[in-house]
Amino acid sequence: MSYTGSLLNFISSSTSPYHTVFTAQDYLIKNDFEELSLDNDWKIELEKKYFVKIYDSTLIAFIPHQAMRDGMRIAVSHTDFPCLKIKPKAQIIQDKYGKLNVEVYGGMILNTWLDRPLSLAGKVALKGDDVFTPKVEFVDFRRPLMTIPNLAIHMDRNVNDGKALNKQKEMLPIAFMQGDEDEAQDCLLNLLAEQLNCEKEAILSYDLTVYQTESPCYLGFNSEFISSPRLDNITSVKACVEGIISDKRKSGLDVVVLFDNEEVGSRTKQGGASLILSNVLERIYNACGYSRQVFLADLAKSFMLSIDVAHALHPNYLEKNDVTNKPILNHGLAIKMAASQSYAGDAEAIAIIKALCEKYKIDYQMYVNRSDIPGGSTIGSIASALLSMRTLDIGVPILAMHSARELMGKYDQKSLEFLVRAFFEGFR
């Protein structure tokens with residue numbers, strides 16, 4: 001229960017990519033990690049622990065050991081999740097109902113977000129003394145603020161035959177009832193200003209995530225499942241954080257990366273398709289007195305774990321999985337393979353992780369997409385292409401991936417965290 005209890009707490013506090021980073025930061029600071037700033041020169045000491053935040057929604061933590069040239073071990077995951085984002089000038093008044101204009105972020109299953117209590121979390125930028133340095137604040141209302149009601153079956157008799165939802169029309173949440181017309185037009189800004197104790201005129205912009213407020217819970221006759229929002233990918237974020245905290249290697253460079261924007265392709269300044277990881281690694285090498293030539297040479301003897309959830313076998317849709325490789329809940333983490341390399345890996349990488357699992361008696365399973373269903377992709381193939389480093393994709397198998405609530409086996413988080421600890425030789 002210690003693994004899953006702490007996971008549920010981690011999920012509850014990770015209501016936006018920014019808050020996921022804050023939660024990870026709290027864990028790291030409590031375990032003697034020191035924060036560095038991306039825009040300062042770095043002075044790094046071997047065997048000390050460090051982390052740096054990248055535009056507040058990505059985080060890189062690392063430990064340079066004495067014999068740093070023994071290779072890098074890097075574990076990566078992502079902080080974002082499919083959701084709704086609030087557009088600018090968001091208020092819409094229709095027949096006294098106040099709605100918010102939203103856009104879809106990532107590949108969410110739309111109808112699972114209907115009829116749920118929803119809240120807001122994210123970043124707000126305010127006027128500052130310097131126009132090039134806005135004042136940044138973070139909000140998490142942590143209470144139900146809105147909902148997206150279904151249309152009654154009496155008005156849509158065919159709803160159970162399958163219904164396509166229009167993202168611009170039918171996914172707009174109801175947030176308030178109109179009072180004074182002028183006040184209603186500024187309702188969201190008034191709410192933010194009250195939360196931040198500032199004037200609404202000071203608010204220049206925001207990045208607000210809509211999240212569902214229902215708590216994670218155990219489920220099943222024997223409480224053997226976890227039903228929760230954001231299992232994709234907070235399960236992996238927590239495993240990465242626990243792994244670097246337990247690090248007991250005496251050589252090499254150990255790194256954990258929590259990227260943002262995986263759900264929309266990773267091609268951002270803080271995503272897995274950026275140069276940020278390569279730049280940070282090279283800065284670490286430079287600060288420790290090594291040249292770029294040394295850094296590039298050491299990439300060839302390094303290893304990356306790309307950690308993201310996998311598709312579990314669905315008992316109501318057995319035909320959707322591969323006929324011989326089908327992970328089952330509560331039977332261990334999944335090693336993911338794809339001939340297309342949408343999941344990163346090769347024979348040696350699989351052998352290494354299998355051997356590590358067998359050495360420490362960690363349960364694992366194999367996942368391969370059914371040949372006529374392409375499946376998704378992960379950070380692993382993107383980041384390893386930029387770094388030319390041996391990489392393998394793994395993750396906890398779940399059901400209902402990209403739903404507002406997903407389902408996992410209670411015991412699988414322990415297997416994942418054990419493996420990441422073993423990866424950093426912190427397994428005990």
Side-chain angles (χ1 to χ4, degrees), residues 1-16 19-20 23 77-78 80-84 106-119 121 142-144 147-148 150 160 209-239 241-242 263 307-321 326-334 336 362-365 367 376 394-420:
M1 284 291 196
S2 63
Y3 290 92
T4 51
S6 58
L7 172 64
L8 302 194
N9 291 333
F10 205 114
I11 290 169
S12 295
S13 61
S14 299
T15 50
S16 77
H19 292 84
T20 303
T23 304
S77 58
H78 66 88
D80 60 322
F81 54 93
C83 64
L84 299 169
M108 58 190 286
I109 303 177
L110 298 179
N111 61 23
T112 66
W113 285 74
L114 304 183
D115 303 322
R116 295 185 183 276
L118 305 173
S119 192
R142 303 199 69 80
R143 64 182 176 90
T147 192
I148 309 169
N150 250 305
N160 290 325
T209 292
V210 177
Y211 71 93
Q212 66 104 349
T213 62
E214 295 166 313
S215 298
C217 67
Y218 295 105
L219 184 149
F221 285 8
N222 298 300
S223 299
E224 61 264 70
F225 306 113
I226 293 174
S227 170
S228 174
R230 303 184 292 283
L231 294 178
D232 178 7
N233 193 31
I234 304 303
T235 53
S236 307
V237 168
K238 183 171 182 292
V241 172
E242 296 286 2
E263 298 293 357
I307 312 176
D308 202 347
V309 292
H311 295 290
L313 178 68
H314 196 307
N316 294 343
Y317 301 92
L318 300 176
E319 71 281 1
K320 293 295 184 180
N321 280 74
K326 38 195 177 185
I328 297 171
L329 300 186
N330 283 317
H331 282 69
L333 63 92
K336 301 193 280 186
I362 299 168
D363 292 332
Y364 70 90
Q365 310 169 77
Y367 176 78
I394 65 168
V396 166
I398 69 170
L399 294 172
M401 190 183 296
H402 288 196
S403 172
R405 288 189 78 90
E406 298 159 325
L407 188 73
M408 68 177 286
K410 178 175 69 176
Y411 302 105
D412 293 332
Q413 184 68 19
K414 183 176 180 180
S415 296
L416 182 64
E417 290 189 20
F418 271 26
L419 176 59
V420 184

Item checked: Test side chain to side chain donor-acceptor pair (under 3.5 Å) applied to S227 - qualifying residues, sequence neighbours left out -> R405
Next item on the list: Quick one: list whatever passes side chain to side chain contact (heavy atoms under 4.5 Å, CB included) with A121, sequence neighbours left out.
Entry: T15, S16, H19, D140, Y211
Margin query: Going by side chain to side chain contact (heavy atoms under 4.5 Å, CB included), name the residues that satisfy it together with L8, two or more places apart in sequence or in a different chain.
Written below: P216, Y218, I226
Notebook entry, point to check: Are any of the side-chain heavy atoms of M108 and L84 separated by less than 4.5 Å?
Noted result: yes
Next item on the list: Find out whether T213 and R142 are in side-chain contact, i.e. whether some heavy atom of one side chain is under 4.5 Å from a heavy atom of the other.
Entry: no
Checklist line | Any side-chain heavy-atom pair of K326 and H311 under 4.5 Å | finding: no
Notebook entry, point to check: Any side-chain heavy atom of T235 sitting closer than 4.5 Å to one from V237?
Noted result: no
Notebook entry, point to check: Sequence neighbours excluded, which residues qualify as side chain to side chain donor-acceptor pair (under 3.5 Å) partners of Y364?
Noted result: E358
Notebook entry, point to check: Going by distance alone, is a donor N or O of one side chain under 3.5 Å from an acceptor N or O of the other, for D363 and H331?
Noted result: no
Item checked: No-hydrogen, no-angle side-chain donor-acceptor test under 3.5 Å, S223 and K410 -> no
Margin query: A side-chain contact here means heavy atoms from C-beta on lying under 4.5 Å apart; do T112 and I109 qualify?
Written below: yes
Notebook entry, point to check: Taking only residues two or more places apart in sequence or in another chain, which ones pass side chain to side chain contact (heavy atoms under 4.5 Å, CB included) with Y411?
Noted result: N330
Notebook entry, point to check: Can you name the salt bridge (charged side-chain N to carboxylate O under 4.0 Å, His left out) partners of E406, sequence neighbours left out?
Noted result: none
Notebook entry, point to check: Which residues satisfy the side chain to side chain donor-acceptor pair (under 3.5 Å) test with S236, sequence neighbours excluded?
Noted result: N233
Checklist line | Heavy-atom side-chain proximity of T209 to F81 below 4.5 angstrom | finding: yes
Margin query: Can you list everything that forms a ring pair (Phe, Tyr, Trp, His ring centres under 6.0 Å) with F10? Sequence neighbours excluded, please.
Written below: Y27
Checklist line | Side-chain heavy atoms of D232 within contact of D308, under 4.5 Å | finding: yes
Margin query: Could you check whether any side-chain N or O of R143 sits under 3.5 Å from a backbone N or O of S119, counting only pairs where one atom can act as donor and the other as acceptor?
Written below: no
Item checked: Where at least one partner belongs to residues 310-319, residue pairs that pass salt bridge (Lys or Arg N to Asp or Glu O under 4.0 Å), sequence neighbours excluded -> none
Notebook entry, point to check: Which residues pass the side chain to side chain donor-acceptor pair (under 3.5 Å) test with D115, sequence neighbours left out?
Noted result: N150
Margin query: Under the rule for salt bridge (charged side-chain N to carboxylate O under 4.0 Å, His left out), what residues qualify as partners of R116, not counting sequence neighbours?
Written below: E214
Check: S228 pairs by side chain to side chain contact (heavy atoms under 4.5 Å, CB included) with which of L219, I11, L407, I398?
Finding: I11
Next item on the list: Looking only at non-hydrogen atoms, find the nearest pair between P82 and W113 and report the distance.
Entry: O-CZ2, 3.5 Å
Note to self: Holding to ring pair (Phe, Tyr, Trp, His ring centres under 6.0 Å), I want the full list of residues that pass it with Y317, two or more places apart in sequence or in another chain.
What the structure shows: H314
Margin query: Taking E263's backbone N and O only, do any of them form a donor-acceptor pair with D80's side chain (distance below 3.5 Å, no angle check)?
Written below: yes
Notebook entry, point to check: How about M408 and P397: do any of their side-chain heavy atoms sit closer than 4.5 Å?
Noted result: no
